[in-house]
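First the structure, in the form of structure tokens, and then the observations on it.
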Amino acid sequence: MSATVAAGPQHTPTQARRAKKRARNQGGNVVVYAIALVVVALTLGPVLYGILGGFRSNAQLAENPAGLPAPWVLDNYLGVLKNPDFWQYAMNSAMIAVITTVIVVVLGIMAAYPLARYQFRMREPIFMVFVLGLLFPATVAIVPLFILITRDLHMGNTWWGVALPQAAFALPMTVVILRPFLMALPQELEEAAQLDGASRIGFFWRILLPLSSPGMVTVGVLAFVGSWNAYLLPLLLLQGDMRTLPLGVADYSSEHSADTAGVFAFTALAMIPALIFFLAMQKRIVNGLQGAVKG
Amino acid sequence: MIRIVAQEVTYVTGPVAETSASQTDAARREVGVAETKKLQRRRAKPADRRKTLEILFFISPALILIAVFMLLPIIQAVRYSVYNWKGFGPLVDFVGLKNYARVLQNEVFTDAMIHNLIIIGGSIALQLPIGLGIALLLNRKMKVQSLLRTIIFVPYVLSEVIAGVIWFQLLQPQYGVIDTIMSKFGIQGPAQGWLGTPELALWTVLAVLTWKYLGLAVILFLAGLQGVPSELYEAAEIDGASWWQIQRKITIPLLGPTLRTWGFLSMIGSLQLFDMVWILTGGGPANSTTTMASFLVSEGTKRQNFGVAAAASVILFVVALILAVSYQQFVLKRDAQPADERIKAKKVKA
């Protein structure tokens, strides 16, 4: 709209042509918005249906699966919130995710530092170890990993038993993202710090760590989300009270398959933490993924 | 194979710290003159020893964690794969490559490999055009652009389990919401349900995966589009190029590296597919949606055939490696070359 108004008579031919082009794009915008609306509906539809389904009774769901809550029923959500299992699962998920994230961030930045800023013979070969690590998903080693953790380390059914291998498999990506980040910090900073009498460790601690906090937040968020959503490793290692939310959701939905509304409520509440975390950290997640693609 | 190299690397870094100072003169005389000079210089500076220690201090925790929880299990997988082992007692029943033969002759596993390949091909065939289309449409000044981006990315952030449980309900036969909506248009859903019909189940899983991962493709493509300098668009517009021409001749070629890297990530992800299949179908009906990962998990945990499961995981890894290396060779190689060399090469050819 505004483009057509702005295209006054005093414009040169090129500008006029551009204005015309802009006007044409504006016409195209209706189509764009229509397509965007369809995409949004398809994307959010299932999620919203799950959330709204939690506000309906099973009778409502059976009578008209495609309807809206009428009347709104709070019992399903209240039932889940009063269920101590739900809180136990959420607690386990949170603790495992926090332990994983702390290990990944601390060990990741430590490993990335010499790989980025020291000159030494084994630098590139060691970096290649991390790059190759990207190729090894936990799936490939899942059976021996299960045996190692439950029998040899006696860490089956514990937070650490899940967090440590998760951290190991998240480290390659972390180092691959952090190294270029640390390399980009100007060399002058290091020289200035050395002139002021700082050792390399002093430089790491006092200058590099604060400056690289954005990169650390990015890899931390990726590790946290990865751990929060993980299913295979917890499935093999955790039982009973130690289960995480994804396991809880899966088990609840198969144990209470007749209670569709209850399943929706449980699932909807389980996804809220991930959604809130995502909205708060959206920029970091996106940056991290983009960094991974570019790097 | 490559893991073994990695192991050597960790071993080599270990002694490096000590060698520089403790190397005997006799040993040093054997090394070339240039090498001796280097060693002398190293010995002369205690700072170098300190530097090596610093490097070890920083890197070894990460390497140890990877060695214990990644390298060791992978070596163990190779070891278990040549034994008939049910999970208790020592490894004594050596069977050589029999487990591999059993896995490769098992129709469930060969079908699982085909399912993985279908998922790889199907994901790229669906997400590439749709994702690119959405990214190109969103790549303009729009008031709601950032909101749209957030919304499209939501399914990616949900865990596969949560997405799977919701879709499982939506896809219920008859009283599921999808069949209900379709029956309003007079279309009958399949009697056994989308996930219960062997011919349809894999395609239904593929559709749900597309829903889940399209957002990642869009976000990455949009980021790549931001790297295309806007002067190019302006120049093309001044030359009278249409929107479609600009996309086809400028945007998509310049987006090449992003598209190729995304393809790689998508391929590796499809090879490991487990969670979604486990939730939606458990590999059924009639093994029509089994993947390599779901095969090895059910062999390992349900049947306790650890030897067979280990053989399957080694095969899964080899398949992943072959695909990754050939992708690197045939698709990504173009990106690895520095841009000016590529131009030079073109000039030479011309």
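Each chain gets a letter, A, B and so on, in the order the sequences are listed, and its residues count up from 1.
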If you apply the rule side-chain contact (heavy atoms from CB on, under 4.5 Å), what do you find for A:Phe130 with B:Ile66, and how did you get there?
CA-CA 9 Å; A:Phe130 291 100; B:Ile66 286 181; 3.5 Å; yes
Rounded distance [0.5 Å steps], CG in A:Leu61 versus OG1 in B:Thr180:
10.0 Å
Given that the side chain runs from C-beta out, which part of A:Ala167 has a heavy atom under 4.5 Å from chain B: side chain, backbone, both or neither?
both
Please evaluate residues A:Phe169 and B:Leu65 with respect to the criterion side-chain contact (heavy atoms from CB on, under 4.5 Å), reporting the C-alpha separation (whole Å), side-chain torsions for both, the decisive distance (0.1 Å), and the verdict.
CA-CA 9 Å; A:Phe169 282 91; B:Leu65 198 68; over 6 Å; no
Is B:Leu72 close to chain A through its backbone or its side chain, or both, or neither, when contacts mean heavy atoms under 4.5 Å?
side chain
Chain A contact via B:Leu296 - which portion, at a heavy-atom distance below 4.5 Å:
both
Taking side chain as everything from C-beta outward and backbone as N, CA, C, O, which of these in A:Phe266 sits under 4.5 Å from a heavy atom of chain B? Side chain, backbone, both or neither.
neither
Pick one of side chain, backbone, both or neither for A:Leu247, based on which atoms fall under 4.5 Å of a heavy atom in chain B.
neither
With B:Glu54, the side-chain contact (heavy atoms from CB on, under 4.5 Å) member among A:Tyr113, A:Phe204, A:Tyr118
A:Tyr118
Under a 4.5 Å heavy-atom cut-off, does chain A meet the side chain of B:Leu158, its backbone, both or neither?
both
Of the backbone (N, CA, C, O) and the side chain (C-beta and beyond), which part of A:Leu232 lies under 4.5 Å from a heavy atom of chain B, both, or neither?
both
Just by distance, with hydrogens left out, do A:Tyr49 and B:Gln169 show a side-chain donor and acceptor under 3.5 Å apart?
no
Between B:Ser313 and A:Val140 (side chain of the first, backbone of the second, donor and acceptor by atom type, cut-off under 3.5 Å), is there such a pair?
yes
Structural part of B:Ile152 lying under 4.5 Å from a heavy atom of chain A:
both
